J.: 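Take this structure, written in structure tokens, and hold onto it; I'll ask about it next.
Only heavy atoms go into these numbers, but all of them, side chains included; no hydrogens, no water, no symmetry mates. Residue numbering restarts at 1 for every chain, and letters A, B, ... go by the order of the sequence lines. Keep in mind the model is a prediction, meaning the values are calculated, not measured.
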Amino acid sequence: MSTMTEVMTTADAAGGSRGSRRRPTRRPLASPLRPRKSVAFTLLMGIFVIYSLVPLVWLVINSTKTQAGLFSSFGLWFDDDFVFFQNIWETLTYKDGIFLRWFGNTLLYVVLGAGGATLLATLAGYGLAKFRFTGRRAVFAVVLGAIAVPGTALAVPTFLMFSQLGLTNTPWAIIIPSLISPFGLYLIWVYAVDSVPTELLEAARMDGAGEFRTFFTISIRLLSPGIVTVLLFTVVATWNNYFLPLIMLSDPTWYPLTVGLNQWSAQATGVSAQPIYNLVITGSLLTIVPIVVAFLGLQRFWQSGLSAGSVKQ
Amino acid sequence: MAPFLVVFLLVFIAPVAYSIYLSLFREQMVGGNAFVGFENYVALFVDPQFWEGLGRVTLFLLVQVPVMLGLALVAALAIDSARLHASGFFRIVIFLPYAVPAVVAVLMWGFIYGDNFGLAANINDWLGSTVLTPFAREWILVSIGNIVTWEFVGYNMLIFYSALRVIPTDLYEAAELDGAGPMRVITGIKLPALRGAIVIATIFSIIGSFQLFNEPNILRTLAPNIITTYFTPNMYAYNLSFAGQQYNASATVAIVMGVLTAVIAYVVQLRGSRKEEL
């Protein structure tokens with residue numbers, strides 16, 4: 001849950017920057033001096049890039065080694081044995097393919113959790129922005145307050161509650177808490193106020209369109225950049241979720257990738273230690289590939305979506 | 001609207017209420033669950049393990065957060081300065097670690113730190129010494145700080161960068177007419193414009209530090225003797241309920257930490273916005 005709160009801030013920053021997110025080169029007068037590009041400065045910033053990439057490079061390189069090779073070779077270069085594909089095969093088939101099971105679980109939690117969170121946040125945020133009803137302000141205040149509540153303060157009582165309801169150790173224990181994204185609601189609310197003109201809704205009502213039809217034919221299109229942003233961040237949050245499934249699940253067949261990987265890593269210590277470092281490393285790589293790809297792919301869409309929604313600037 | 005509120009009540013309001021309820025009761029040997037008022041809180045305030053964890057995250061907060069936000073600020077200003085080649089590349093790459101799950105980040109760094117086959121071991125072999133001991137008691141907090149910084153520096157950079165992009169260009173034009181140099185533009189225009197973003201980033205970093213759990217908990221398998229079950233208040237709460245079945249004490253820790261975080265976040269926000277008015 002802590003990732004959830006952190007995720008929200010970026011969405012906020014991105015929402016705040018709506019309209020002005022352009023590549024620096026396209027912005028005239030980026031700086032008063034219109035500075036020339038500096039190679040030395042670029043190289044200096046390269047340190048940042050190296051810092052960001054070293055662990056990832058390390059992971060890729062070491063996913064090509066055997067367990068023995070991990071110990072005998074230098075960390076940032078390849079070993080003589082190149083067993084990348086064997087490692088992948090072993091990771092996928094270890095203990096009757098439990099990794100694939102975890103992968104499927106993660107997908108399930110992401111699709112239902114993040115998808116549901118986005119849907120609920122969209123409907124509720126839109127409702128708050130466009131309909132007047134009593135208690136509207138109170139709802140808003142409570143939801144905003146919820147953003148500041150530390151996720152882990154909720155985790156233990158949520159577990160106890162869910163265990164009374166008999167929900168622990170089922171997928172629902174992961175999906176239901178993922179359904180709420182106070183920040184997603186906030187973002188859609190702010191977005192809807194700006195991007196869906198009330199006159200348009202009134203015109204649609206005059207023409208006899210029902211609220212649902214208006215929403216699905218008109219509003220949802222105007223809101224789509226905001227929806228994509230919320231979806232992106234809820235997907236990252238559920239994919240990376242660790243604390244909640246750790247608490248809620250004891251049956252390994254329902255684990256998501258994150259908890260499963262840590263269990264594999266923990267195998268290396270203890271009484272019946274059975275280290276599978278090479279599988280942990282390859283499994284880690286396989287875990288981050290989809291989310292990184294989705295992130296980079298979606299981010300482009302999301303960035304263009306943000307500037308597209310900024311016509312009014 | 002209604003479905004959101006129903007789920008919201010279930011996963012936010014109900015657990016908070018239940019937490020408060022739990023923190024006021026205690027399982028007794030005789031008589032079962034009994035109302036004990038604030039006794040759990042009193043017990044917590046004299047609990048050295050709780051104070052040790054709280055002290056540790058406070059230290060972490062005071063050192064790691066400024067370092068991380070400072071680096072993020074430098075990166076954001078550099079990328080915004082238009083003096084970099086391929087600034088889009090820098091932005092994406094520095095942000096990339098944010099998409100990496102905390103578990104994978106900790107495992108990667110944990111292996112790199114490790115003396116079996118990690119880079120730390122490689123460097124030690126090369127130097128023929130044992131200079132680098134990331135899992136030693138005096139370095140473990142730094143090692144954790146490095147992981148957290150790695151994960152979130154790009155994300156904070158993006159917050160700052162987004163705030164820099166909305167500065168109206170006429171301000172820069174005016175500064176140019178007045179003959180202001182780049183440093184003057186940074187101190188006179190960019191930093192004041194970033195105040196709101198800095199306040200937000202600070203608040204979220206404070207929340208993150210007080211909640212510190214994933215990183216130490218996962219590293220525990222690699223350094224079990226150094227990282228105790230009460231290393232951070234959050235780990236303490238977790239271990240109280242899942243290893244010790246002391247749900248009431250655990251709920252008390254959660255409530256105290258929640259209130260503490262909320263108060264500090266509120267104070268930071270007040271200070272941040274008051275400065276804005278001046």
J.: Rounded at 0.5 Å granularity, tell me how far CD in Glu151(B) sits from CG in Asn240(A).
T.: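 Spacing of CD (Glu151(B)) from CG (Asn240(A)) equals 9.0 Å.
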J.: Is Tyr126(A) close to chain B through its backbone or its side chain, or both, or neither, when contacts mean heavy atoms under 4.5 Å?
T.: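 Neither part.
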J.: Can you tell me which of Asn156(B), Val100(B), Leu240(B), Ile218(B) forms the most heavy-atom pairs within a distance under 4.5 Å of chain A?
T.: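 Going by pairs under 4.5 Å, I would pick Ile218(B).
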J.: By a 4.5 Å heavy-atom criterion (distance strictly below it), what part of Thr149(B) contacts chain A: side chain, backbone, both, or neither?
T.: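 Looking at Thr149(B), backbone and side chain both touch chain A.
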J.: Between Phe111(B) and Leu59(A), does a side-chain contact (heavy atoms from CB on, under 4.5 Å) hold up when you go through it step by step?
T.: CA-CA 9 Å; Phe111(B) 286 142; Leu59(A) 191 70; over 6 Å; no
J.: Just so I understand: if I count every heavy-atom pair under 4.5 Å between each of Leu246(A), Leu257(A), Leu179(A), Val292(A) and chain B, which residue has the most?
T.: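 Looking at each option in turn, the highest pair count goes to Leu246(A).
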J.: So how far is it from Trp58(A) CH2 to Trp109(B) CH2, rounded to the nearest 0.5 Å?
T.: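 The CH2 atom of Trp109(B) is 11.0 Å from CH2 of Trp58(A), to the nearest 0.5 Å.
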J.: Answer with side chain, backbone, both or neither: which region of Leu22(B) has an atom nearer than 4.5 Å to a non-hydrogen atom of chain A?
T.: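 Side chain only.
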J.: Measuring heavy-atom distances to chain B, does Thr287(A) have an atom under 4.5 Å in its side chain, in its backbone, in both, or in neither?
T.: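 For Thr287(A), the side chain is the part near chain B, not the backbone.
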J.: Check ring pair (Phe, Tyr, Trp, His ring centres under 6.0 Å) between Phe25(B) and all other residues, then give those that pass, not counting sequence neighbours.
T.: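 Here the qualifying residues are Tyr21(B), Phe35(B).
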J.: Under 4.5 Å heavy-atom distance to chain B, tell me which part of Val49(A) shows up: side chain, backbone, both or neither.
T.: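 Contact with chain B involves both backbone and side-chain atoms of Val49(A).
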J.: Below 4.5 Å, heavy atoms only, C-beta onward: do Phe243(A) and Asn217(B) meet side chain to side chain?
T.: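 When only atoms from C-beta onward are counted, Asn217(B) and Phe243(A) do not touch, as no gap falls below 4.5 Å.
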J.: Looking at Trp150(B) and Tyr51(A), would you say the former's side chain and the latter's main chain have a donor-acceptor pair under 3.5 Å?
T.: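 At least one qualifying donor-acceptor pair exists.
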J.: Look at Asn262(A), Leu44(A), Val259(A), Ile291(A) and state which one has the largest set of heavy-atom pairs under 4.5 Å with chain B.
T.: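 When all of Asn262(A), Leu44(A), Val259(A), Ile291(A) are compared, Asn262(A) has the most.
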J.: Using non-hydrogen atoms only, which part of Gln263(A) is less than 4.5 Å away from chain B: side chain, backbone, both, or neither?
T.: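 Answer is neither: Gln263(A) stays 4.5 Å or more from chain B.
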J.: For the pair Phe48(A) and Leu71(B), evaluate side-chain contact (heavy atoms from CB on, under 4.5 Å) and give the outcome as yes or no after the intermediate values.
T.: CA-CA 9 Å; Phe48(A) 261 105; Leu71(B) 286 174; 3.9 Å; yes
J.: Is Ala14(B) in contact with chain A via its backbone, its side chain, both, or neither, using a 4.5 Å heavy-atom distance?
T.: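 For Ala14(B), the contact with chain A is made by backbone and side chain together.
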J.: Tell me, side chain or backbone of Ala75(B) under 4.5 Å from chain A's heavy atoms, or both, or neither?
T.: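 Ala75(B) touches chain A through backbone and side-chain heavy atoms alike.
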J.: I need the minimum non-hydrogen distance between Val103(B) and Thr258(A), along with the two atoms involved.
T.: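 Looking at all heavy atoms of both residues, the shortest contact is CG1-O, 3.4 Å.
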J.: Rounded at 0.5 Å granularity, tell me how far CZ in Phe159(A) sits from OH in Tyr238(B).
T.: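 The OH atom of Tyr238(B) is 9.5 Å from CZ of Phe159(A), to the nearest 0.5 Å.
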J.: Against chain B, label Ile247(A) side chain, backbone, both or neither, depending on which of its atoms sit under 4.5 Å from a heavy atom there.
T.: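 Contact with chain B involves both backbone and side-chain atoms of Ile247(A).
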J.: Roughly how far, to the nearest 0.5 Å, is the CE atom of Met45(A) from the CZ atom of Phe90(B)?
T.: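 If we round to the nearest 0.5 Å, Phe90(B):CZ and Met45(A):CE are 6.0 Å apart.
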J.: Less than 4.5 Å to any heavy atom of chain A: does that hold for the side chain of Ala78(B), its backbone, both, or neither?
T.: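 For Ala78(B), the contact with chain A is made by backbone and side chain together.
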J.: Please flag which part of Asp178(B) lies under 4.5 Å from any non-hydrogen atom of chain A: side chain, backbone, both or neither.
T.: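 No part of it gets close to chain A.
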J.: Tell me, for Leu119(A) versus chain B, whether the close heavy atoms (under 4.5 Å) come from the side chain, the backbone, both or neither.
T.: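 Contact with chain B involves no heavy atom of Leu119(A) at all.
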J.: In Å and rounded to the nearest 0.5 Å, what is the OH to OG distance from Tyr98(B) to Ser52(A)?
T.: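 Separation between the atoms: 15.0 Å.
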